[in-house]
Amino acid sequence: MRLSKMFLPTLKESPSDAEVISHKLMLRAGMVRKVAAGIYNLLPMGLKAVRNVERIVRAEMDSSGAQEVAMPFVLPSELWVESGRWDEYGKELCRLNDRHGREFCLGPTHEEVITDMVRHEVRSYRDLPLNLYQIQSKFRDEIRPRFGLMRGREFIMKDAYSFHTTEECAEKEYKRIFDTYSSIFQRCGLEFRAVEADTGAIGGSFSHEFMVMADTGEDEIVICSKCEYAANTERADIRSGKGGEVVPVGEFAEVSTPGKKTIEEVGAFLKIKAKRLIKTIIYNTENGPIVAAVRGDNDVNEGKLKRLSGVSELALADDETVKEVTGAPVGFAGPLGLKVKLYCDQKVRAMTDAVTGANKADTHMTGVNPVRDFSGAEYGDLRVASSGDSCPRCDGGKFKVSRGIEVGHIFMLGTKYSEALGATFLDEDGKEKPMIMGCYGIGIGRVAAASIEQNNDDNGIVWPVPLAPFTVHIVPVNVKDEETMKASEELYSLLTGNGITTLFDDRDERAGVKFKDADLLGMPVRITISTKTLQNDSFEIKERTSSEVEFVPVKDILNKVTDLLARS
RNA sequence: CGGGGCGUAGCGCAGUCUGGUAGCGUAUCUGCUUUGGGAGCAGAGGGUCGGAGGUUCGAAUCCUCUCGCCCCGACCA
């Protein structure tokens, strides 16, 4: 591609609404432009990167035996009513009516549609297993889209769905896709990690997320120091402590804490550490309010609280409810003397002489000893895993917390959708059974963004070869020099003729401008041509990852380039 | 949805408090010079100051409403 002809608006400065590095660089490098919050145009340079991700995903999915299909983006409400998700999915599901007033939604995911397709066409065990995938736009009306392509409302996703006759077969496919995903992200040149995850709104029995390691990632994961265990903190179980005998020390006493509501404020006011306080949170559930308590330096994991308490709906209580339950304004709740069910994290049991709210305005309690003072409390693993917690899978392993970007998620669905939609088959013995399902997603645009998040420097993007929109960037220093241009044109033909994607900066710009743009755009190999290099019958070649340049004889350039691209 | 912030030229910003001719940098266009790390000089174009209403002789500036965008939280593949 000739740069002079390319629709490539690069920017010297980042637009002020971009926060993370990948978003800034994608804007500056002319890859994307915003249309509305969480909705983007992909410009030629951006689309090329996205297509590269798609190409890799397609190749790997195909070779794993999955088959590509294309499903609609606008979906009728009936299927969603049938699965129960028309009501369950909530506001994230963007609904619309056609001219007849019929209800539709923009597809946020396609379990319903694919299951509908398969139930109509597959009757026999002989037709299974089956794995179908598509690469398509999804729309989820996220509460807060952010960070460019990282969390858009409309985004490109590869979604795959598999159908099986048995659990074993489904699990085998789950493992195969797990491996397929690993090779996909490896080929994309990403540093990633598969972690155990929550199933969320998709449902199912277990799942793994593929996380690209990055400090700007929105997800927090824990990794065991000793064994292979790694999990999203939303999901991570914590091994319970020894649970030795706890001897209460002091008596409790009220202490005045005027206006001190948060753990930090109370801690600072009483000059004690957060771990000496008990954090008490009131939740509303379908069975009325419940109370959760964790140590002051921990957070409640709502997924765990749901499981421990057996409720299915859980939301932070509003101020009214808090007042009703505790008799005090928000900020002074404590587990003592409440009439609702109390769930405590296991760590709370070991606390002595702790501080909690007194259920009275501007007052806290000291000398609280849960073992003695909390009657009827149920203890369990309730907190969000954090650094230093004990691994549930091995002896002595401790968690370390990292951040990641979720680029893929695979789910063992079981029969959730096949039962709801009646996707059944006839088994060898003539019995009708629901199909066992799995589903598997990859955020295509997010992979591209994550790659930039991981591969950049002060000057711009540093593309890994497989995702690079072009692999070679030719810079003729002076386009007015005939000899330079003749050599550049010949090089351009040579490279493109050999299937090497090449960006040719044939613009009449000063060298400095071209070098700055070359660094910003981040193609893996840059070749500079000038009267100086041609005097020695050579080109100057530089890798984006390196600050060294090398001079290569004109006749050797193709070999050199092929060599560099193959090696990186 | 709660809290905070921002909407002025393509991009980055000043001007708003204290009402009085809409500015700076950069980008764009033209000309000359320059030509290996975002050149110099000269000239030019580009704005319903997010929108609506109000106050006022006069509103980017004050008031009311509204729309959009960003950040934190809650929530969420």
Side-chain angles (χ1 to χ4, degrees), chain A residues 9-20 23-24 27-28 30 33-39 85 88-93 107-111 138-148 150-153 155-159 197-204 207-211 218-219 232 234 262 281 283 299-300 302-303 313-319 330 405-411 439-446 458-460 475-481 484 505 507-520 526 528-533 540 542 547 549:
Chain A
T10 58
L11 301 170
K12 273 191 184 176
E13 289 172 288
S14 306
S16 55
D17 54 6
E19 198 71 12
V20 298
H23 188 197
K24 286 182 183 172
L27 288 165
R28 288 193 54 207
R33 287 294 184 264
K34 184 170 68 187
V35 177
I39 300 177
R85 287 207 291 185
E88 260 174 39
Y89 215 98
K91 286 190 181 161
E92 229 181 292
L93 188 64
T109 174
H110 281 67
E111 284 81 7
K138 297 279 182 275
F139 192 93
R140 295 180 187 174
D141 200 355
E142 298 275 352
I143 301 172
R144 186 149 89 84
R146 58 186 135 180
F147 303 157
M150 206 77 95
R151 176 172 296 268
R153 290 193 291 172
F155 59 98
I156 303 170
M157 179 172 175
K158 187 284 302 176
D159 47 325
D198 229 6
T199 51
I202 303 288
S207 87
H208 283 85
E209 289 168 333
F210 287 78
M211 294 285 187
E218 291 187 84
D219 288 276
N232 196 308
E234 288 170 1
T262 65
I281 314 243
Y283 286 95
D299 290 309
V300 176
E302 295 181 1
E313 275 171 48
L314 194 68
L316 266 181
D318 51 291
D319 294 8
V330 174
I405 300 164
E406 180 193 350
V407 289
H409 201 161
I410 60 180
F411 300 82
C439 84
Y440 321 91
I442 290 179
I444 301 289
R446 198 183 270 185
D458 290 344
N459 296 316
V475 179
V477 165
N478 182 356
V479 300
K480 294 209 177 82
D481 180 69
T484 301
D505 194 347
R507 297 173 302 170
D508 184 8
E509 289 285 354
R510 298 167 61 88
V513 174
K514 294 188 180 189
F515 290 141
K516 287 288 184 191
D517 272 341
D519 286 345
L520 173 63
R526 187 185 84 191
T528 307
I529 302 161
S530 69
T531 46
K532 224 164 60 188
T533 67
E540 175 194 297
K542 178 182 166 298
S547 53
V549 302

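Keep in mind that what you see is a predicted model, and the values were worked out from it rather than measured. Reminder, nothing fancy here: chain letters follow the sequence lines and each chain counts from 1.
Rounded to whole angstrom, the span from the CZ atom of A:Arg151 across to the C1' atom of B:A74 amounts to 13 Å. Protein atom CD of A:Glu92 is 16 Å distant from nucleotide atom P of B:A74, rounded to whole Å. Nucleotide B:U34 holds its P atom 18 Å from the NZ atom of A:Lys514, rounded to whole Å. Atoms NZ (A:Lys516) and P (B:U26) sit 16 Å apart, rounded to a whole Å. Following rounding to the nearest Å, A:Phe411 (CZ) and B:A77 (C1') show an atom-to-atom distance of 6 Å. Note: CD (A:Glu142) to P (B:G73) measures 15 Å, nearest angstrom. As rounded to whole Å, 11 Å separates atom P of B:C70 from atom CD1 of A:Ile39. Taking atom CG of residue A:Leu93 and atom P of nucleotide B:C76, one finds them 15 Å apart after rounding to whole Å.
In this structure, the nucleotide among B:U35, B:C69, B:A77 sitting nearest to the side chain of A:Asn478 is B:U35. Distance from the side chain of A:Ser16 is smallest to B:C13 among B:C13, B:U34, B:C11. With B:A77, B:A39, B:U35 as the candidates, the nucleotide lying closest to the side chain of A:Val513 is B:A39. Among B:G38, B:G12, B:A77, the nucleotide with an atom closest to any side-chain atom of A:His409 is B:A77. Nearest nucleotide to the side chain of A:Ala36, out of B:A77, B:C69, B:A27: B:C69. For A:Glu13, taking side-chain heavy atoms from C-beta onward, the closest of the listed nucleotides B:G25, B:A27, B:C75 is B:G25. Ranking B:C11, B:G38, B:C70 by closeness to the A:Leu520 side chain, first place goes to B:G38. The side chain of A:Phe515 lies closest to B:G36 when the candidates are B:C1, B:G36, B:G12. Listed candidates were B:G37, B:C69, B:G38. Nearest to the side chain of A:Lys34 is B:C69. Nearest nucleotide to the side chain of A:Arg28, out of B:G38, B:U35, B:C70: B:G38.
Nucleotide B:C24 forms a pair with B:G12, judged by Watson-Crick or G-U wobble geometry with both contacts under 3.5 Å. B:C32 is paired with B:G40 under the Watson-Crick or G-U wobble criterion, all donor-acceptor distances under 3.5 Å. Pairing partner, B:C65: B:G51, with both Watson-Crick or wobble hydrogen-bond distances short of 3.5 Å. B:A77 makes up no base pair with any nucleotide shown, lacking Watson-Crick or G-U wobble contacts both under 3.5 Å. The partner of B:G2, taking Watson-Crick or G-U wobble pairs whose two distances both stay under 3.5 Å, is B:C72.
Going from the C1' atom of B:G68 to that of B:G51 covers 10 Å, rounded to whole Å. Taking the C1' atom of each, B:G4 and B:A14 are spaced 23 Å apart, rounded to whole Å. Across B:U26 and B:G38, the matching C1' atoms stand 11 Å from one another, rounded to whole Å. Comparing the P positions of B:G20 and B:G58 gives a spacing of 15 Å, expressed to the nearest Å. The P atoms of B:G53 and B:A60 are separated by 14 Å, rounded to the nearest whole Å. Nucleotides B:U35 and B:U16 are separated by 45 Å at their P atoms, to the nearest Å. Only the C1' atoms considered, B:C29 is 25 Å distant from B:G37, to the nearest whole Å. Rounded to whole Å, the separation between the P atoms of B:C17 and B:A22 comes to 16 Å.
When each of A:Glu234 and A:Pro145 is assigned the nucleotide of RNA chain B with its nearest heavy atom, A:Pro145 is the one assigned upstream, toward the 5' end. Taking the nucleotide of RNA chain B with the nearest heavy atom to each of A:Val407 and A:Arg153, the more 5' of the two is matched to A:Arg153.
Under the 4.5 Å side-chain criterion, counting only non-hydrogen atoms from C-beta, A:Leu27 is not in contact with A:Lys34. A:Arg146 has its side chain out of reach of A:Glu19: every pair of non-hydrogen atoms, C-beta onward, lies at least 4.5 Å apart. Residues A:Asp517 and A:Arg507 form a side-chain contact, since some pair of their non-hydrogen atoms from C-beta on lies under 4.5 Å apart. For the pair A:Arg526/A:Asp519, a side-chain contact is recorded, criterion being any heavy-atom separation below 4.5 Å from C-beta on.
Counting any heavy atom pair closer than 4.0 Å across all strands shown, A:Arg507 reaches no nucleic acid atom. Looking at heavy-atom distances under 4.0 Å, A:Glu302 makes contact with sugar-phosphate atoms alone, never a base. At a threshold of 4.0 angstrom between heavy atoms, the contacts of A:Arg446 include nucleobase atoms, whether or not backbone atoms are also involved. A:Phe155 comes within 4.0 angstrom of a base, heavy atoms only. In this structure, A:Thr533 reaches the bases: a heavy-atom distance under 4.0 Å links it to at least one base atom across the strands shown.
You'll find a donor-acceptor pair under 3.5 Å spanning the side chain of A:Glu540 and the base of B:G36, going by distance alone. At a cut-off of 3.5 angstrom, the base of B:C76 holds no donor-acceptor pair with the side chain of A:Arg144. For A:Asp519 and B:G37, a side-chain-to-base donor-acceptor distance below 3.5 Å is present, hydrogens and geometry of angles not being considered. Contact annotation: side chain of A:Thr528 to base of B:G36, donor-acceptor pair absent below 3.5 Å. For B:G40, its base never sits under 3.5 Å from the side chain of A:Arg510 at any donor and acceptor pair.
The side-chain hydrogen bond (donor to acceptor under 3.5 Å, both in side chains) search around A:His409 returns A:Ser207, A:Glu406, not counting sequence neighbours. In terms of the salt bridge (charged side-chain N to carboxylate O under 4.0 Å, His left out) criterion, A:Asp481 has no residue partners (sequence neighbours excluded).
In this structure, A:Lys138 contributes its side chain and A:Lys158 its backbone to no donor-acceptor pair below 3.5 Å.
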Go through A:Lys480 and A:Asp508 one step at a time and tell me if the salt bridge (Lys or Arg N to Asp or Glu O under 4.0 Å) criterion holds. CA-CA 8 Å; A:Lys480 294 209 177 82; A:Asp508 184 8; 3.1 Å; yes

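Listed pair A:Lys12 / B:G12 fails the phosphate criterion, with no side-chain N or O lying under 4.0 Å from OP1 or OP2. Proximity of A:Arg146 to the phosphate of B:C72: a side-chain N or O atom is located under 4.0 Å from OP1 or OP2.
Nearest heavy atoms, A:Phe147 versus A:Glu218: CE1-CG, 4.2 Å.
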